[in-house]
Amino acid sequence: MNRQWHDLRNPGLVPVVADAEEAERYQLDAWRNLPREQVPPWDDYAEVEDVAGVLAGVPPIVAPYEVDHLRELLAEVCEGRAFLMQGGDCAETFIDNTEHHVLANMRTLLQMAVVLTYGASLPVVKVGRVAGQYSKPRSAALDSLGLPVYRGDMFNSLEATEEARVCDPQRMIRAYANSAATMNMLRAYLRGGLADLMAVHDWNKDFVRTSPAGERYEAIGREIDRAVRFMAACGVEDENLHTAEVFASHEMLAIEYDRALTRIFNGKAYALSGHMLWNGERTRQIGGAHIDFLSRVANPVGCKIGPGATPEGVVEMCQKLNPDNIPGKLVIITRMGHKNVRTVLPPIVEKVQAAGCKVVWQCDPMHGNTYESASGYKTRAFDQVVDEVLGFFEVHRQTGTHPGGIHIELTGEDVTECVGGAQEIRDDQLSDRYETACDPRLNTQQSLELAFLVAEMLRH
Ligand code: PEP
Ligand code: MN
């Protein structure tokens with residue numbers, strides 16, 4: 001896969017802010033006249049527009065050639081020649097956007113990717129829920145305390161007071177600043193040793209050694225070790241062994257934010273707030289604002305679909321979000337719940353196949369398996385997460401389609417948010433380290449266990 005560069009020596013090829021005529025040509029504001037779910041309750045829309053004006057003038061978070069490159073890599077996933085590993089926090093927060101937290105998450109993502117690369121014998125495209133994952137769709141307007149619900153740091157604060165929950169448009173500027181800082185650090189560290197295969201492999205060896213289920217993973221761990229040493233003995237030396245490309249993604253919920261960071265480049269509109277943007281389950285109305293905006297940009301886009309999705313509806317969605325049927329442009333992220341995946345997913349996959357739509361199929365085994373534990377915490381059971389991934393692989397084996405990837409909420413810290421796994425986290429232990437701002441994440445150990453289990457599934 002040759003890397004494509006845009007010729008930035010040509011000043012005509014610098015991304016630019018759309019003028020009124022271009023905004024019209026690319027229909028970048030058509031969403032404004034469409035029904036929109038999950039509208040942030042801002043008091044003063046004039047202030048939102050001021051903030052959007054500021055964001056229209058800042059340097060974007062990512063570059064168009066990177067966005068194109070990700071789309072090309074996802075085309076490989078679409079054709080069954082690569083695998084997609086996407087993961088990170090449910091919600092990034094300003095306070096947790098520290099070097100420690102971001103690097104811990106990144107390490108976990110890279111560790112999982114190495115295990116999956118081996119398991120699938122395929123290149124793994126790595127995408128973080130990072131550098132922009134600051135907006136959350138919510139099921140209710142009020143939380144359990146009766147306060148306006150937390151909607152992500154892009155809009156309001158998690159702090160449990162009325163004042164803190166007021167939506168403040170200025171927060172979009174902080175979200176931009178945090179995203180830019182994170183992307184800057186990641187670019188530097190990924191080139192500076194963080195992604196070195198030997199280092200990542202050593203962390204995985206530590207995991208196998210210390211995990212209560214280590215024995216189970218020893219066989220694959222040993223095989224990877226031999227493969228790595230074999231490559232070293234052969235004198236294999238390549239940049240790819242020392243660096244990795246990780247792309248940034250977030251949910252496209254705060255349309256004003258993503259619209260303000262959109263630029264025109266080479267005859268296309270790019271949302272340069274992140275490489276890949278996805279649409280959530282709660283905002284997938286085909287005639288709605290979110291889907292419309294995502295249909296106008298050149299980025300790879302994801303669309304979550306839950307158990308209520310119909311085969312016809314998903315085909316319509318594919319045609320709307322990817323009218324030119326470009327491979328790598330559209331990722332359908334299925335989040336059915338472990339009980340539904342084996343029944344709901346097959347007719348959807350069959351219909352999309354029959355319609356000839358080019359899609360990457362990705363499994364989010366988190367969002368269909370959330371429940372409230374007896375101790376009152378929102379949680380997920382590790383076994384159910386694994387079962388949904390297993391079901392996803394079974395379905396794609398039956399339909400002859402490529403199980404393209406997984407989408408996980410994870411953190412590189414030792415939190416106790418999901419029950420189960422080899423550490424056997426129990427319901428009454430959730431309070432020990434329950435730190436998420438929104439949904440429960442797999443901790444480091446649980447994430448790696450999942451990667452080893454998926455690697456096993458991929459080998460069989
Ligand atoms: C999420 O990914 O955090 C999310 C809200 O997912 P979904 O839209 O699938 O519920
Ligand atoms: Mn979530």
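Just follow the structure's listing: the first ligand is 1, and inside any ligand the first atom is 1. Every heavy atom of this structure was used, including side-chain atoms; hydrogens, water molecules and symmetry mates were not.
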Provide the atom name of the closest N, O or S atom of E409 relative to the Mn ion (ligand 2).
OE2
For atom 4 (C) of ligand 1, tell me which residue out of E281, E409, H367 has the closest non-hydrogen atom.
H367
Output yes if H367 passes the N/O/S-under-2.8 Å test against the Mn ion (ligand 2); output no otherwise.
yes
Evaluate K304 for polar contact with ligand 1, using N/O atom pairs at a separation under 3.5 Å.
yes
Which atoms of ligand 1 are found less than 4.0 Å from any heavy atom of G280?
8 (O)
If you check every N/O/S atom of D439, which is the one nearest the Mn ion (ligand 2)?
OD2
Is the shortest distance from a Lys or Arg side-chain nitrogen in R433 or D414 to a carboxylate oxygen in the other one below 4.0 Å?
no
Any idea which protein heavy atom is nearest atom 5 (C) of ligand 1, and the distance to it?
P137 CG, 3.7 Å
Tell me yes or no: between the side chains of Q285 and E37, is some donor less than 3.5 Å from an acceptor?
no
Charged N-O contact under 4.0 Å between R380 and E388:
no
Is the shortest distance from a Lys or Arg side-chain nitrogen in R32 or D29 to a carboxylate oxygen in the other one below 4.0 Å?
yes
So is R282 polar-close to ligand 1, meaning N/O to N/O under 3.5 Å?
yes
Select one of side chain, backbone, both or neither to describe which atoms of C438 lie under 4.0 Å from any atom of ligand 1, heavy atoms only.
neither
List ligand 1 atoms under 4.0 Å from R129, heavy atoms only on the residue side.
1 (C), 2 (O), 3 (O)
As an exercise, identify every atom of ligand 1 less than 4.0 angstrom from a heavy atom of C90.
3 (O)
Do T399 and Q353 get their side chains close enough for a donor-acceptor pair, meaning under 3.5 Å?
no
Given the side-chain rings of Y134 and Y257, with only the six-membered ring counted for Trp, is the space between their centroids under 6.0 Å?
no
Are D258 and H250 close enough that a side-chain donor and a side-chain acceptor fall under 3.5 Å?
yes
CD/E409 to SG/C438 distance, rounded to the nearest 0.5 angstrom?
7.5 Å
Less than 4.0 Å between a side-chain N and a carboxylate O, is that true for R165 and D143?
yes
Heavy-atom contact check, 4.0 Å cutoff: does M366 meet ligand 1?
no
Atom 9 (O) of ligand 1 [closest protein heavy-atom partner, distance rounded to 0.1 Å]
R335 NE, 2.7 Å
In this structure, atom 3 (O) of ligand 1 is nearest to the protein heavy atom K136 NZ, 2.7 Å
With nothing but distance in play, are any N or O atoms of H407 less than 3.5 Å from an N or O of ligand 1?
no
Just checking, any donor-acceptor pair under 3.5 angstrom between side chains of R129 and H407?
yes
